[in-house]
2 protein chains.
Amino acid sequence: MVRWREKANKFQLSIMNRNVTSIDVAKRAGVSQSTVSRVFSSGSPNVSSEVRERVLQASLELGYRPNAIARMMSTRQTNIVGILMATITSPFYPYVLEKFLKELQAIDRQVLLFTASENQSVDDLLPLALQYQVDALIITSATLSSEAAAATSSGGTPVILFNRVVSDANVCSVCADNLAGGRLAADVLLDSGHEKLAFIAGIENTSTSQDRERGFALRLHERGMANWVRRAGRYTYESGYAAAQSLLDETVPPDAIFCANDIMAIGAIDGLRARGVRVPDDVSVIGFDDIPMAAWGAYNLTTISQEVDQMIQQTISLMLERIESPHEPCRTERVAGKLVIRSSVRNLTTGKSDDIAG
Amino acid sequence: MVRWREKANKFQLSIMNRNVTSIDVAKRAGVSQSTVSRVFSSGSPNVSSEVRERVLQASLELGYRPNAIARMMSTRQTNIVGILMATITSPFYPYVLEKFLKELQAIDRQVLLFTASENQSVDDLLPLALQYQVDALIITSATLSSEAAAATSSGGTPVILFNRVVSDANVCSVCADNLAGGRLAADVLLDSGHEKLAFIAGIENTSTSQDRERGFALRLHERGMANWVRRAGRYTYESGYAAAQSLLDETVPPDAIFCANDIMAIGAIDGLRARGVRVPDDVSVIGFDDIPMAAWGAYNLTTISQEVDQMIQQTISLMLERIESPHEPCRTERVAGKLVIRSSVRNLTTGKSDDIAG
DNA sequence: TGGGGTCTTGCATACGTATTCAAGCTATGT
DNA sequence: ACATAGCTTGAATACGTATGCAAGACCCCA
């Protein structure tokens, strides 16, 4: 280490920014370390322009870069946001992640990204993430036990769930209005004259799948449609494919399927077509999310959108709020989705039908 | 701050891990701070089991979590790897990212993720990433100027390019063998009897697109096929869609299209079908990447795979190597892809045809 | 019984920056 | 010319952990 330092002195003009500290810069510029720090502090308060010039010149020559770790240490502020994601590959989330990154970087926050491996729950990841003194934690595509959530947030670090809800815990969340979305799907399919409806669920213990199903079921019940079937799915293409085919084996096969997300809907369409069933002529399919692939020509999936941009904006606002005042009571924001009409549901191309029920 | 501390003393049993330091734990356990540190150091060297018990008990009661930032400060080791990604949404990269995360977490590295916004080149992001003292930097789906790469790596931080190459710089990279892939595509299409070939390019200044085209062109030339056409693309569904349709306007439309990635190939298929052209009966389409969607029933895309898992393994090995010995010379590893036969190229279902040329 | 070794523990310090406090300097107004 | 205020600068310290060093405790064997 000492030898390094000597070397750096000898070759001061090289780009060895490794191990160049504000002290080195200070020496070379003939000022104190404090001054160097002030020059690099945002706002550069009260430094004469002549000195600032000298300092910048020296840093340039030495290849100095402020050490962010040391700064965190000193200011006790990391400006780092942790994002926990169980699944990135599910096609809805890459867009979410990218958007989060851009928005957070725009307000000078960096992102530490965690993912849970198969044998690992998100709960186990929390303590790890917290060691990094993140300013806040955004959890998405993951189910969190309420105990873990409560423990974390009572530790003082704001936790915000994106697209998941923990009922009783002291945790904020931003969520699509899945209940309303489920109802909307029911209305759309009934209004367009379908008579035997089916639902393909996502991962069972997720609030998204549960709420979408509940909204769907509730609305069907309200409108007097008791006769609908259900299949389990896992939010994957393959599970949608298999579930749809299994639905064809019903004594009276459904003429419309509501899938808990778009990927399963796409899988369902392919599964149906592989059996020679036409979509939407024989069976209509409606999804949820409005991922980019839903617009692909081969599918043209009618679906219910998640307004991702808006959801992310709200998540970040909520996060900043809670960083400011961590002890305010929590709230859950619901963002309504919209019906995106393409051509996988029949009798719908002319727009929404009248709403029959009250 | 002082008031906080007082409060924490009063309610020592609460879960206020905020501001609980090793010193607090030490006091409560009646030991020195060093001892607490030793208990939490990996390996817990040389601490009597009785004392360790006491310390763990105290930390539990206080809700102590070691401060990772301070640890980095002290050890001068962050165990953080920076990943720079220009585009996450392009369907190939979410899988890459998830895999990287899992592998890195498995070796106790955390990931700081950066993305470039539209008006920002990756070069601008480098200094930022370096401030965080990352142990290494992985750059993917992004083009890096060789100057920036050289400057960074000469600063002592290993930089590894994933799926991109910078020719002359002092930077390692792991890359699909795009040249061989392009040649393979040419062979496949010629062997299966196609006579008018086309290529749809990706983003022009990327080494991936350039190499795939070069390999394709070279092989066609070797086999005496000079008559092929080319369209520009941008690695997106829409650009593939448009390019394919534009190819139909040729006086002699192609009977086979090689697309620089799968997304464009999928777009191309939809573009062709929208014009009533059958795939593969009228026009064959072959892609590159083997993303999950290539296997979807509606497309069944024949393509050339990128062996992502293997590439990632190699990237991480290379990274660890360079963290160990940063001054070794650089190398570029090429991972050969494989032909994945589905049904978007005709006359290919029986397997590879004979290789005609030498 | 004593000497040497091992194990355990505490003290002191380092990591690189931000920031408080005080001191020096300059300019201004009377 | 002198007092005062404002601006600029440096010295000192804090942030929370890891670790080298030394001292103490304990054990073993001769």
Side-chain angles (χ1 to χ4, degrees), chain A residues 1-2 4-5 8 16-55 58-59 62-80 130-133, chain B residues 1-2 4-5 8 16-55 58-59 62-80 130-133:
Chain A
M1 182 53 61
V2 174
W4 251 114
R5 204 50 70 73
M16 290 294 168
N17 67 23
R18 205 71 161 185
N19 294 332
V20 176
T21 73
S22 57
I23 297 185
D24 301 327
V25 176
K27 279 194 194 131
R28 173 167 255 260
V31 298
S32 74
Q33 180 269 331
S34 323
T35 300
V36 176
S37 169
R38 278 190 270 258
V39 169
F40 284 92
S41 290
S42 56
S44 308
N46 305 335
V47 182
S48 73
S49 57
E50 184 239 356
V51 170
R52 169 179 300 123
E53 262 329 297
R54 248 183 23 236
V55 169
S59 345
L62 296 179
Y64 170 67
R65 304 239 156 263
N67 183 324
I69 305 297
R71 171 178 299 172
M72 294 177 199
M73 187 75 203
S74 192
T75 58
R76 323 179 46 148
Q77 254 245 329
T78 58
N79 284 333
I80 288 182
L130 290 180
Q131 292 196 349
Y132 289 88
Q133 316 295 111
Chain B
M1 183 54 57
V2 174
W4 251 114
R5 204 49 72 71
M16 289 296 168
N17 66 26
R18 204 72 162 184
N19 295 330
V20 175
T21 73
S22 57
I23 297 184
D24 300 329
V25 176
K27 280 192 191 131
R28 175 168 254 262
V31 299
S32 74
Q33 180 269 329
S34 324
T35 300
V36 176
S37 168
R38 278 190 268 260
V39 168
F40 284 92
S41 289
S42 57
S44 308
N46 305 336
V47 182
S48 73
S49 56
E50 184 239 355
V51 169
R52 170 179 298 124
E53 263 328 297
R54 252 187 15 241
V55 169
S59 348
L62 296 178
Y64 169 67
R65 302 238 157 266
N67 183 323
I69 305 296
R71 184 194 311 241
M72 294 176 200
M73 187 76 206
S74 191
T75 59
R76 323 180 44 146
Q77 253 245 330
T78 59
N79 283 334
I80 288 182
L130 290 180
Q131 292 197 347
Y132 289 88
Q133 317 295 111

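If you're wondering where the values come from, they're calculated on a predicted model, not measured in any experiment. Just so we're on the same page: letters track the sequence lines, and every chain starts at 1.
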Hey, does B:Val31 reach any base, or is it just sugar-phosphate, or nothing, if we go heavy atoms under 4.0 Å? sugar-phosphate
Does B:Ser32 make a side-chain N or O approach to OP1 or OP2 of C:dG10 shorter than 4.0 Å? yes
Rounded to the nearest Å, what distance is computed from the CD atom of residue A:Gln133 to the C1' atom of nucleotide D:dG16? 9 Å
Would you mind reading off the distance between B:Ile23 atom CD1 and D:dC15 atom P, rounded to a whole angstrom? 8 Å
OP1 or OP2 of C:dA18 sitting under 4.0 Å from any side-chain N/O of A:Arg38? no
Can you say whether a donor on the side chain of A:Gln33 sits under 3.5 Å from an acceptor on the base of C:dA18, or the other way round? yes
B:Ser34 and B:Ser37: side chain donor to acceptor below 3.5 Å: no
Give a yes or no on whether a donor-acceptor pair under 3.5 Å exists between the nucleobase atoms of D:dT17, that is its base, and the side chain of B:Ser74. yes
Examine C:dT17: is either OP1 or OP2 under 4.0 Å from a nitrogen or oxygen in the side chain of A:Ser22? Give yes or no. yes
Taking atom P of D:dC15 as reference, at what distance in whole Å does atom CG of B:Asp24 sit? 11 Å
Check whether any side-chain N or O of B:Tyr64 sits under 4.0 Å from OP1 or OP2 of D:dT17, and answer yes or no. yes
Distance-only donor-acceptor test, B:Ser34 side-chain atoms vs C:dC11 base atoms, 3.5 Å: yes
Nearest-nucleotide 5' precedence on DNA chain C, B:Met73 against B:Thr35: B:Thr35
Donor-acceptor pair, A:Ser74 side chain versus A:Ala70 backbone, under 3.5 Å? no
Measure CZ/A:Arg54 against C1'/D:dT8 and give the value in whole Å, please. 12 Å
Report the distance from atom CE of A:Met72 to atom P of C:dT17, rounded to the nearest whole Å. 13 Å
Does B:Glu50 or B:Thr75 map to a spot on DNA chain C nearer the 5' end, using the closest nucleotide for each? B:Glu50
What are the two closest non-hydrogen atoms of B:Tyr64 and B:Ser22, and how far apart are they? CE1-N, 3.4 Å
Look at all strands and tell whether B:Val51 reaches a base, only sugar-phosphate, or nothing, counting heavy atoms closer than 4.0 Å. sugar-phosphate
Among D:dT17, D:dG16, D:dT9, which nucleotide sits nearest the side chain of B:Arg71? D:dT17
Please report the distance, rounded to the nearest Å, between CZ in A:Arg76 and P in C:dT19. 12 Å
Protein-nucleotide distance (B:Lys27, atom NZ; D:dG16, atom P), rounded to Å: 11 Å
Taking atom types as modelled, is there a side-chain donor on B:Arg76 or A:Asn19 under 3.5 Å from an acceptor on the other? yes
Using whole Å, what does the distance between atom P of nucleotide C:dA14 and atom CD1 of B:Ile69 come to? 22 Å
Main chain of A:Val39, side chain of A:Arg52: is a donor-acceptor contact present, judged purely on distance under 3.5 Å? no
